[in-house]
Protein chains: 2
Amino acid sequence: MPTQTRRERAREERRTLILRAARDLAESEGWDAVTTRRLAEAVDYSQPVLYGHFKNMDAIADAVALEGIEELTDVFRAARSSAKDDTAGLRALAHAYLDYADQHPAVYEAMFVRRTDLQFGRSETPASLIDAFNQIRSAVEPFGTGDAETLTEVFWSSLHGLATLTHGARLRPTHREARVDLLVARFSGTFPPAAAE
Amino acid sequence: MPTQTRRERAREERRTLILRAARDLAESEGWDAVTTRRLAEAVDYSQPVLYGHFKNMDAIADAVALEGIEELTDVFRAARSSAKDDTAGLRALAHAYLDYADQHPAVYEAMFVRRTDLQFGRSETPASLIDAFNQIRSAVEPFGTGDAETLTEVFWSSLHGLATLTHGARLRPTHREARVDLLVARFSGTFPPAAAE
DNA sequence: CTAGATTGTCTAGCAGTGCTAGGATCTGAC
DNA sequence: GTCAGATCCTAGCACTGCTAGACAATCTAG
């Protein structure tokens, strides 16, 4: 009997259980509420069990971040696939990005705000992260004249800035659509218009 | 004898002493290292003294943030005053912003990253914060066609995104200048160029 | 079926955190 | 010199991340 496999499967299930609990807790009460005790209580095990799966609390947040990045690539793909031209593609990607950040603020925070051990732009970078970056790159590249990598970084930064400042209540709660319109116009080259009122 | 004034002056001095210590500690070891005990030790008082000046630790970070915002307006003013035209002004402001974030990462974090009780875009917003926002607005407004407020928010978001992603090691450590060039080009309308190689 | 080794899990505890109640001490007014 | 009031500190609470060591369940071998 593959008793080893059963064990490993059970172990894997418990790991996802922990991640699920961490994510739910973070989304409902913020990462500050994700403590070892509350997390252990949520999965109905003692605290040391957590350390059998993850090196420390930060590693749990990193794992949630990885999940989120994979989701994000799917969201990007879906958004871009239904766009009729490059400009619509860029706009769709921008909206998809900001919507995701809005709907999963804790996951977004784990991905792009919290200090993380995840490697960005290196050889050990997770494939899904590279994938997500390339999605942005493909969307913005048609409007570039020089280094596509730099263009991608700048456009991503703009989206990231909008996402975080919005979430931190540092921008007006209104004018959301107008901000995206403006950003896309500046990057898609549909600016300046011939003569705007 | 104005014993009351002397007392109040001593009180004020101690307050700035606390802020100075908090800022130094945050810049050298990060905000996580700024604990009540370490801070109290740095100013050579016991922890409860801190609470005589500030409601809690977050209020200390907020006070540091306010200091930073005032510095930032000065930095903006200096940068823009030495620019020969609007485009140069925008570029100078962008560089000044990113340089400040780079040189004072902890203060920047207190201002625009950490959760804060500071009010943004409301009637109770500190004057220096409005001032800083208006500096950005003045710099980018010449290149706007519609709502200047929205334009300012978007440009600021882009700068903020660049600052935070750079600091979090999520962008390439190189190409810093190229990113600023590209951003300024997109916002100043010097894009698309007639025919770029 | 039993003995022993391995694996899994928990209890209890350490050193640290923000924050505060209460008592001690020091200052200045009369 | 006495006494009220301001000032400050000691000690403690409830929490945090994390871990050592005891205990129990499970699998392996004879």
Side-chain angles (χ1 to χ4, degrees), chain A residues 1-19 21-26 28-65 106 109-110 114-117, chain B residues 1-19 21-26 28-65 106 109-110 114-117:
Chain A
M1 217 58 63
T3 159
Q4 190 62 18
T5 1
R6 178 171 54 197
R7 264 196 195 156
E8 290 194 353
R9 197 173 48 213
R11 222 185 120 71
E12 188 60 31
E13 276 171 16
R14 198 169 57 178
R15 193 190 127 98
T16 62
L17 185 68
I18 292 171
L19 285 183
R23 181 169 172 166
D24 288 350
L25 201 49
S28 59
E29 302 185 41
W31 280 106
D32 281 353
V34 185
T35 70
T36 55
R37 280 166 183 81
R38 290 199 62 179
L39 201 47
E41 189 188 17
V43 297
D44 220 61
Y45 283 98
S46 66
Q47 301 150 41
V49 168
L50 304 176
Y51 294 88
H53 289 274
F54 301 95
K55 184 185 152 212
N56 52 32
M57 280 297 289
D58 285 347
I60 295 180
D62 281 354
V64 171
E109 192 178 336
R114 283 171 62 106
R115 190 158 293 149
T116 178
D117 289 337
Chain B
M1 218 59 63
T3 160
Q4 191 63 18
T5 358
R6 179 171 53 199
R7 265 197 195 153
E8 290 194 352
R9 197 173 48 215
R11 220 185 122 72
E12 188 59 31
E13 276 172 16
R14 199 169 56 179
R15 193 190 126 100
T16 62
L17 185 68
I18 293 171
L19 285 183
R23 181 170 172 165
D24 288 350
L25 201 48
S28 59
E29 302 186 41
W31 280 105
D32 281 354
V34 184
T35 70
T36 56
R37 281 166 183 80
R38 291 199 60 180
L39 201 47
E41 189 188 19
V43 298
D44 220 62
Y45 283 99
S46 67
Q47 300 150 43
V49 168
L50 305 176
Y51 294 89
H53 290 273
F54 301 95
K55 185 184 153 210
N56 52 32
M57 279 297 289
D58 285 347
I60 295 180
D62 281 355
V64 171
E109 193 178 335
R114 283 172 62 106
R115 188 160 294 150
T116 178
D117 289 337

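Lettering follows sequence order; numbering is per chain, from 1. Below, each value reflects all heavy atoms present in this structure, side chains not excepted, and no hydrogens, waters or symmetry copies.
The CG atom of A:Asn56 sits 13 Å away from the C1' atom of D:dT19 (whole-angstrom rounding). One interatomic measurement links the two molecules: CG of B:Leu50 to P of D:dT10, which rounds to 14 Å at whole-angstrom precision. For A:Met57 and D:dC15, the CE to C1' distance is 14 Å, given to the nearest whole Å. Atom OH in B:Tyr51 sits about 9 Å away from atom C1' in C:dT20, given to the nearest Å. For B:Lys55 and C:dC19, the NZ to P distance is 9 Å, given to the nearest whole Å. For the pair A:Glu29 CD and D:dC15 C1', the computed distance is 15 Å after rounding to whole Å.
In this structure A:Phe54 satisfies the side-chain contact (heavy atoms from CB on, under 4.5 Å) test together with A:Arg15, A:Ile18, A:Leu19, A:Ala59, A:Ile60, A:Ala63, sequence neighbours excluded. Qualifying side-chain contact (heavy atoms from CB on, under 4.5 Å) partners for B:Arg37, counting only residues two or more places apart in sequence or in other chains: B:Thr35, B:Gln47. With sequence neighbours left out, A:Asn56 forms a side-chain hydrogen bond (donor to acceptor under 3.5 Å, both in side chains) with no residue at all. Shown here are the side-chain hydrogen bond (donor to acceptor under 3.5 Å, both in side chains) partners of A:Arg38, two or more places apart in sequence or in another chain: A:Glu29.
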How does protein reach along nucleotides 7-17 of chain C, written 5' to 3' as B (base within reach of a heavy atom under 4.0 Å), S (only sugar-phosphate), or - (no contact)? SSSBB-B---B
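Between B:Ala61 and B:Ala110, the shortest heavy-atom distance links the atoms O-CB, 3.7 Å.
Listed by first then second residue, pairs satisfying salt bridge (Lys or Arg N to Asp or Glu O under 4.0 Å) with a partner in residues 44-57 of chain B number zero, not counting sequence neighbours.
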